[in-house]
Amino acid sequence: MSKRPEHQAPPEFFYNEDEARKYTQNSRIIDIQAQMTERCMELLLLPDDTSCLLLDIGCGSGLSGTVLEEWGHMWIGLDISPSMLDVALERETEGDLVLADMGEGVPFKAGSFDGAVSVSALQWLFNADKKSHQPVKRLYKFFSSLYASLSRSARAVFQFYPENESQLDLVTSQAMKAGFYGGVVVDFPNSAKAKKFFLVLMTGGAAPLPQALGTEESDNSLQIKYAKREACKAARGKPLKNTRAWLLDKKERRRKQGKETKPDTKYTGRKRSGRF
């Protein structure tokens, strides 16, 4: 059984240059990251046809940010690993990037964001990687500063991997202490492989938690939902992800934002053969 990454080294050291590149080039990880971000977006319940400013906590190399872009939103990413952020810059992600430790608080003005998402990052806060680290205090510092940085109708959704019930209790108690309402949604609770935990937090008062997937017989699996959304996007005339048209659209958006963008050529979006 493989050791959990957060047990091997602090995140800024575990995600070094080699690990950051391996992570970003692994097709299985890319698919899982996309599916988890899709589910976070569903749980955020953002208004339709409105471009929002979102915070991506533990954004890494920008894989989740790519999904936020596809949904038509702007984003700012926060991560503790310089190597991951370097890869995000190389990938020319549209989001702005901030090097920061989430356990030291969210470094943004009050009411800055319409929502926040996080994929596979929250569990790192359960660790005490330094003598000065106290998980309870770091969790409260994180949640209280996040609460302040969100608008008063916003939600934050975290996909994470708790090890036990005490970690679930710890994370929810500190979030509630910071002012949030909400709780944990467990998708596919009876499946050892597909089971996923999502912490759904609300700033605007108590509301029912969303329905978990896999709690009744349906075709509601993440893979099917993801495939359906890609098919719908094609039907609406939006270019499919990673096609030449999709890449040209993305580069045009970057130019409009005033960001440095490589020129379009006949090779843009062309698949490499793998031969030299």
Side-chain angles (χ1 to χ4, degrees), residues 6 10-12 36-37 39-47 52-60 62 64-65 67-68 71 73-81 84-85 88 95-129 132-162 167-185 197-207 209-210:
E6 63 269 23
E12 63 269 38
M36 295 300 97
T37 311
R39 181 61 173 143
C40 286
M41 292 300 296
E42 290 174 0
L43 295 168
L44 269 188
L45 293 181
L46 293 170
C52 298
L53 178 61
L54 305 178
L55 177 61
D56 185 354
I57 302 157
C59 66
S64 46
V67 176
L68 306 186
W71 281 61
H73 301 299
M74 299 173 290
W75 61 280
I76 294 176
L78 180 152
D79 203 278
I80 197 173
S81 166
M84 278 290 207
L85 295 180
D96 292 321
L97 305 169
V98 178
L99 178 65
D101 175 2
M102 61 195 283
E104 293 181 359
V106 174
F108 298 101
K109 290 194 301 186
S112 297
F113 297 99
D114 303 306
V117 298
S118 180
V119 176
S120 307
L122 188 60
Q123 66 267 11
W124 292 87
L125 285 185
F126 295 128
N127 289 358
D129 294 320
S132 60
H133 283 185
Q134 296 181 42
V136 173
K137 289 188 175 180
R138 282 167 59 77
L139 280 163
Y140 178 71
K141 175 76 172 177
F142 167 65
F143 284 127
S144 56
S145 58
L146 174 64
Y147 183 88
S149 75
L150 293 171
S151 70
R152 285 294 74 97
S153 61
R155 290 185 172 205
V157 179
F158 300 80
Q159 181 273 320
F160 71 117
Y161 295 101
Q167 287 188 351
L168 282 173
D169 291 342
L170 176 61
V171 77
T172 51
S173 65
Q174 294 309 304
M176 303 308 139
K177 183 180 173 185
F180 284 107
Y181 297 86
V184 175
V185 173
F197 292 83
F198 295 87
L199 178 66
V200 180
L201 301 178
M202 312 166 203
T203 61
L209 280 175

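Small disclaimer: the values here were computed from a predicted structure and weren't measured.
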Let me know which of L168, V171, L122 forms a side chain to side chain contact (heavy atoms under 4.5 Å, CB included) with F197. L168
Going by the side chain to side chain contact (heavy atoms under 4.5 Å, CB included) test, name the single residue among L45, T203, L43, L46 that passes it with R155. L45
Using the ring centroid of each side chain, check whether F158 and F142 are separated by less than 6.0 Å. yes
Does the side chain of R138 reach to within under 4.5 Å of the side chain of D101, using non-hydrogen atoms? yes
Could you give me the CA-CA distance, side-chain angles and deciding distance for M102 and D79, then say whether side-chain contact (heavy atoms from CB on, under 4.5 Å) is met? CA-CA 8 Å; M102 61 195 283; D79 203 278; over 6 Å; no
Side-chain touch L78/P107, heavy atoms, less than 4.5 angstrom: yes
Under 3.5 Å donor-acceptor, H73 side chain and L53 backbone: no
Applying side-chain contact (heavy atoms from CB on, under 4.5 Å), run through L146 and I57 and close with a yes or a no. CA-CA 10 Å; L146 174 64; I57 302 157; 4.1 Å; yes
If we only count heavy atoms from C-beta on, is the V200 to Y181 side-chain gap below 4.5 Å? no
Is the cationic atom of K177 (NZ for Lys, CZ for Arg) positioned less than 6.0 Å from the six-membered ring centroid of F143 and within 45 degrees of its normal? no
For F160, enumerate each residue passing the ring-ring contact (aromatic ring centres under 6.0 Å, His included) test, keeping only those at least two apart in sequence or located in another chain. none
Does the side chain of Q159 come under 3.5 Å of the side chain of S120 through a donor N or O and an acceptor N or O? yes
Can the ring centroids of F113 and F108 be said to lie less than 6.0 angstrom from one another? yes
Name the one of L68, L85, I76 that satisfies side chain to side chain contact (heavy atoms under 4.5 Å, CB included) with C59? L85
Please report the closest heavy-atom contact between S118 and C40, naming both atoms and the distance. O-SG, 4.0 Å
Would a 4.5 Å heavy-atom cut-off, applied to side chains only, mark L97 and W75 as touching? yes
